[in-house]
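Here is the structure we will look at, set down as structure tokens.
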Number of protein chains: 2
Amino acid sequence: MLDFVILGFLYDSRLHGWELRTRISALTGHVRPVADGTLYPAIKRLVDATLVLKNIEAGSIAAPRHMLELSPVGESRLLRMLREPEEVYITDENHWFCLLAFLRHLEDPAAQAAVLKRRLKFLSTPASFFYDGDKPLSAEDLDDPFRRGVLEIARATSRTELQWLKKTIGELEDKGGRAAVRN
Amino acid sequence: MLDFVILGFLYDSRLHGWELRTRISALTGHVRPVADGTLYPAIKRLVDATLVLKNIEAGSIAAPRHMLELSPVGESRLLRMLREPEEVYITDENHWFCLLAFLRHLEDPAAQAAVLKRRLKFLSTPASFFYDGDKPLSAEDLDDPFRRGVLEIARATSRTELQWLKKTIGELEDKGGRAAVRN
DNA sequence: TGAGCATACCTCGGCGCCGATGTATTTTCC
DNA sequence: GGAAAATACATCGGCGCCGAGGTATGCTCA
């Protein structure tokens with residue numbers, strides 16, 4: 001996921017590692033902080049893979065800064081990851097939020113809508129956290145107040161998100177439709 | 001997290017690895033499936049650390065099953081992890097839901113309430129996913145519909161969970177109070 | 001009877017994450 | 001003028017995760 005987020009931020013603007021660290025911390029850091037020892041090797045991998053270009057500039061505040069920039073290869077990689085995200089980006093909320101944070105970089109409204117539809121489909125398939133054999137248990141079936149909480153919270157989130165998904169997919173399809181008419 | 005979940009399920013009943021796998025898949029599998037190559041080494045580590053006891057029984061359906069059982073050491077480890085969970089169990093929703101799934105094993109309502117209060121405090125400190133410099137951006141500040149979605153959904157979840165937390169903490173404190181009066 | 005499937009367990013290599021540690025520069029403040 | 005803090009980058013060892021592959025058992029059904 002780190003790779004994806006780095007590419008996402010670099011799509012917007014050239015950044016040095018430290019600034020990248022700040023932005024990633026803002027996006028995912030309250031959940032799980034990013035360690036230096038994770039970020040710099042990740043950058044190095046991306047540079048070695050020529051997805052990211054690096055050139056050194058004099059530091060304005062402290063040590064010389066290594067400015068990072070998305071290469072054309074990196075750009076197309078990012079766009080592919082946005083257009084055809086791996087399953088975990090659809091199912092895991094942390095991944096999903098990162099995906100949403102950069103989905104605007106996909107210019108085509110239809111492609112954006114397609115991604116939202118995958119999430120919609122995932123959220124629509126009934127699933128519980130707890131089962132009695134094969135039977136999914138709902139909040140009412142449980143004595144445990146904490147497990148009931150899990151289900152209540154998950155259900156509320158799911159409801160909100162489904163609403164948002166349907167609304168936004170609608171808007172995107174309107175936009176796509178109008179664009180098609182214009183052509 | 002896997003270690004924690006294994007201990008949690010074994011607190012309830014003796015299980016063999018396969019059954020454990022089924023339950024873990026139900027709890028966290030729709031988000032991120034558990035691979036065999038992750039589960040069995042994890043069990044092995046726990047057995048080596050004498051947190052879990054293993055003894056082989058004839059398989060009722062297929063191959064001989066390795067029945068797993070929580071040792072007294074494993075039990076106290078689990079209870080400590082519940083009573084004083086690491087920060088990531090408070091901040092990351094996936095971890096937090098796992099914690100909630102087993103929080104009932106902590107018998108003391110005051111200790112349960114203390115854990116919920118940590119989550120309450122975390123959710124109460126304002127945080128955004130996106131910043132303009134130091135200023136956290138709210139949904140209204142954003143043009144990007146997807147980023148706005150992230151904030152809307154996160155906010156709705158947060159609201160629901162805060163309500164549930166307050167309600168449940170109240171109930172636990174009532175219970176604790178009545179128990180204290182009885183003594 | 002034997003092919004195929006579900007059950008059940010295990011190992012290994014590759015790779016990524018993380019904490020600890022190190023280095024260097026510049027700003028701040030006493 | 002010097003200590004401390006913030007900025008900025010990097011490496012390394014340990015360890016956990018994961019996919020791929022392997023072994024074995026027992027049930028089902030043709």
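Naming: A, B, ... by sequence-line order, numbering from 1 per chain. Hydrogens, waters and symmetry mates play no part in the numbers below; they use all other heavy atoms, side chains included.
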Report the distance from atom CG of L39(B) to atom P of dT7(C), rounded to the nearest whole Å. 15 Å

Are the charged groups of R23(B) and E19(B) less than 4.0 angstrom apart, N to O? yes

Rounded to the nearest angstrom, tell me the gap between atom CG in L68(B) and atom C1' in dA8(C). 12 Å

Is E161(A) salt-bridged to R119(A), cutoff N-O under 4.0 Å? yes

Atom CD1 of I6(B) and atom C1' of dC9(C): how far apart are they, to the nearest Å? 14 Å

Let me check something: do L15(B) and Y131(A) share a hydrophobic cluster, defined by ILVMFWY side-chain heavy atoms less than 4.5 Å apart, either directly or through other members? no

Roughly, in whole Å, what's the span from CG in D48(A) to P in dT11(D)? 10 Å

Would K44(B) and D48(B) pass as an ion pair if we require N to O under 4.0 Å? yes

Measure the spacing between CG of L2(B) and CD1 of I43(B) and express it to the nearest 0.5 Å. 8.0 Å

Heavy atom of residues 7-17 of chain A under 4.0 Å from DNA chain D: which residues? H16(A), G17(A)

Do other residues, nucleotides or ligands put more than 12 heavy atoms under 6.0 Å from the CD atom of E87(A)? yes

Rounded to whole Å, how long is the line connecting atom CD1 of I56(B) with atom P of dA24(D)? 15 Å

R147(B) NZ/CZ over F102(A) ring centroid, <6.0 Å and within 45° of normal: yes

Taking CH2 from W18(A) and P from dT25(C), how many angstroms apart are they, rounded to a whole number? 16 Å

Once you round it to whole Å, what is the distance between C1' of dG19(C) and CD of E87(B)? 17 Å

For the residue pair F129(B) and F97(A), is the inter-centroid distance of their aromatic rings smaller than 6.0 Å? yes

Going 5' to 3' through nucleotides 10-17 of chain C, assign each nucleotide B (protein heavy atom under 4.0 Å from a base atom), S (under 4.0 Å only from sugar-phosphate atoms) or - (no protein heavy atom that close). BB----SS

